[in-house]
Amino acid sequence: MTQSFPGHAYSKYIDPKRYPDCINRSLIGSACFWQPFDAAEDLDEIEEQAVHRRGQQDGVAGADFEQFRLNVASAIVPGTHEQNDDILNSLPADQYLLSVAHIARIQFNMQPSLRDAYKKYRSVVNPGVGQLRVGVHIRRSDSCSELVRDGYKMEASKIDAGPQMTNVRLCYHTQVYINGLRRVKNLYGLPLAVYLSSDDPGSILDEIRALSPDLFESSSWHHVKFAPDAQESLGYNKHTGLTVEFQDDATSALIGETAALDAWHLSHSEVFIGSIGSRFGKSAYLLAVSRRNVVVPYISVDGHSYCCQNDEQCSLATEALTGMADCLLFAPEIDFLTPNKRGTYWEDGVTIRHDRPVSERRPLWPAASPHALEPALS
């Protein structure tokens with residue numbers, strides 16, 4: 001069978017021979033992990049609770065969503081810059097986020113291969129203790145640059161901290177995440193059910209137990225306890241000194257499985273703590289937003305909001321945003337844009353947003369007459 005994108009793009013990170021269901025149904029590439037867009041959605045108790053909560057709300061939310069739908073339909077009709085800006089600026093930011101999150105969830109509609117693997121590997125310490133589900137993503141391995149080889153950063157970064165390219169990427173001490181968990185617990189007043197994701201959750205659980213025994217004993221700790229070969233694969237950076245992109249096919253297939261299962265694991269979050277600058281962190285956060293059908297609060301240890309890439313200085317990028325579409329869909333590498341016009345990427349990161357003149361910091365819409373939008377609005 002000839003693979004097409006995205007099947008070909010995923011092939012290195014998915015080995016169908018590891019999954020009986022994929023073998024039996026001749027599924028390859030992304031089809032081994034995820035169902036087609038038109039397949040029935042694999043809902044469980046989190047989605048059912050969201051639907052029930054939605055049904056208990058009054059008609060205001062439904063009316064708001066209908067207005068949002070009409071506004072989007074109107075905005076795609078060619079109009080002047082001013083007309084389209086007025087329409088788009090009237091759309092609630094949370095509806096933008098929910099729309100993108102639900103598209104991500106449709107993509108992440110798991111095949112039995114992934115669902116069975118998650119059921120097999122999920123584990124919990126102190127079951128039944130926690131109530132509030134808090135997802136915690138702790139970056140380690142090749143996510144950490146030479147800057148932190150001698151010790152992880154002891155405090156979270158702020159929004160005006162510099163960009164984190166591969167050569168200067170930061171990882172944060174486990175205590176930083178413990179501080180975040182304590183903040184959430186104090187704010188909500190509930191025992192925590194922590195959904196932990198990391199390259200080595202076992203050793204991090206030992207750290208948390210040693211650093212904060214009271215928090216450890218008063219919380220539940222859900223984690224994905226991978227098979228020994230997968231656990232070994234997660235040490236790829238220590239073994240080879242290379243990043244995730246440059247591993248052999250066998251290691252890549254194991255990394256692919258652990259990444260997909262960890263993203264699903266974190267999607268249980270009612271609150272999220274992690275690196276929002278990370279694409280993986282963004283993806284897991286979107287899944288949580290979609291499954292809850294609400295904007296999930298988060299603590300970003302790397303100082304980045306959802307609107308910023310890891311390799312941008314978030315404070316500067318935020319000042320230059322044109323709107324929510326720019327926030328959610330900015331991806332210069334996909335659009336083949338020059339990320340840094342001065343040729344100083346490895347020093348200054350992605351600067352294209354705040355390099356733009358103010359006059360260009362707006363969505364690009366096709367020109368049309370001032371009356372082109374009137375039929376859509378009538």
Side-chain angles (χ1 to χ4, degrees), residues 1-44 47 99-122 137 141-143 197 199 224 226-237 239-240 242-268 278-291 310 328-329 331-336:
M1 181 186 297
T2 301
Q3 294 187 64
S4 60
F5 185 85
H8 176 71
Y10 284 119
S11 59
K12 180 179 179 180
Y13 297 97
I14 300 176
D15 180 4
K17 298 188 294 295
R18 292 175 56 86
Y19 311 99
D21 181 68
C22 297
I23 295 173
N24 294 337
R25 295 198 286 151
S26 301
L27 300 177
I28 61 174
S30 61
C32 177
F33 276 10
W34 293 288
Q35 300 189 51
F37 282 175
D38 57 354
E41 202 167 335
D42 52 347
L43 306 179
D44 67 12
E47 287 87 354
S99 296
V100 174
H102 285 301
I103 292 170
R105 179 67 180 87
I106 292 169
Q107 164 71 53
F108 209 100
N109 194 14
M110 294 193 295
Q111 293 278 19
S113 57
L114 273 187
R115 282 205 167 273
D116 293 345
Y118 184 69
K119 292 176 182 177
K120 178 180 179 180
Y121 297 136
R122 65 185 181 185
H137 175 219
S141 196
D142 69 336
S143 296
S197 164
D199 296 331
V224 185
F226 295 112
D229 59 347
Q231 289 283 12
E232 179 67 16
S233 76
L234 291 176
Y236 59 86
N237 187 246
H239 301 324
T240 67
L242 301 174
T243 60
V244 66
E245 296 88 354
F246 302 102
Q247 304 305 314
D248 60 44
D249 287 351
T251 300
S252 296
L254 292 166
I255 294 170
E257 178 186 72
T258 60
L261 295 182
D262 267 342
W264 182 251
H265 188 61
L266 290 168
S267 76
H268 292 74
S278 154
R279 286 187 176 87
F280 178 84
K282 282 179 166 64
S283 300
Y285 176 75
L286 278 183
L287 290 177
V289 168
S290 173
R291 298 187 73 195
N310 197 57
L328 296 170
L329 305 178
E333 66 279 8
I334 294 177
D335 295 328
F336 300 103

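Numbers here simply count residues along the sequence, with the first being 1. What you are looking at is a predicted structure, and each value in this text was computed from that prediction instead of being measured.
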Shortest non-hydrogen contact between [X] and [Y], atoms and distance:
X: N310; Y: S278; answer: OD1-N, 4.2 Å
X: L254; Y: R18; answer: CD2-NH1, 3.0 Å
X: A40; Y: N109; answer: O-ND2, 3.0 Å

Close side-chain approach of [X] and [Y], heavy atoms under 4.5 Å:
X: M110; Y: F33; value: no
X: H268; Y: R291; value: yes
X: Y121; Y: L261; value: yes
X: D262; Y: V224; value: yes

Nearest 0.5 Å, please: how far is [atom2] in [Y] from [atom1] in [X]?
X: K282; Y: L287; atom1: NZ; atom2: CG; value: 14.0 Å
X: D116; Y: Q111; atom1: CG; atom2: CD; value: 10.5 Å
X: F226; Y: T258; atom1: CZ; atom2: OG1; value: 5.0 Å
X: L286; Y: S267; atom1: CG; atom2: OG; value: 11.5 Å
X: I106; Y: E41; atom1: CD1; atom2: CD; value: 6.5 Å
X: L27; Y: S113; atom1: CG; atom2: OG; value: 7.5 Å

- [ ] Mind checking salt bridge (charged side-chain N to carboxylate O under 4.0 Å, His left out) for K119 and listing every partner two or more places apart, or none if nothing turns up?
- [x]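 Scan of K119 (salt bridge (charged side-chain N to carboxylate O under 4.0 Å, His left out), adjacent residues dropped) gives none.
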Task: All salt bridge (charged side-chain N to carboxylate O under 4.0 Å, His left out) counterparts of R25, not counting sequence neighbours - done: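 So R25 forms a salt bridge (charged side-chain N to carboxylate O under 4.0 Å, His left out) with D21.
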Task: Exercise: do E257 and Y19 side chains pair donor with acceptor under 3.5 Å - done: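 Result is yes, a qualifying pair exists.
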- [ ] Could you tell me which residues satisfy ring pair (Phe, Tyr, Trp, His ring centres under 6.0 Å) with H137, sequence neighbours excluded, listed by chain and number?
- [x]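 With neighbours one apart ignored, the set is F280.
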Open item on the list: Apply side chain to side chain contact (heavy atoms under 4.5 Å, CB included) to residues L114 and W34 and explain how you reach the verdict.
Closed with: CA-CA 8 Å; L114 273 187; W34 293 288; 4.0 Å; yes
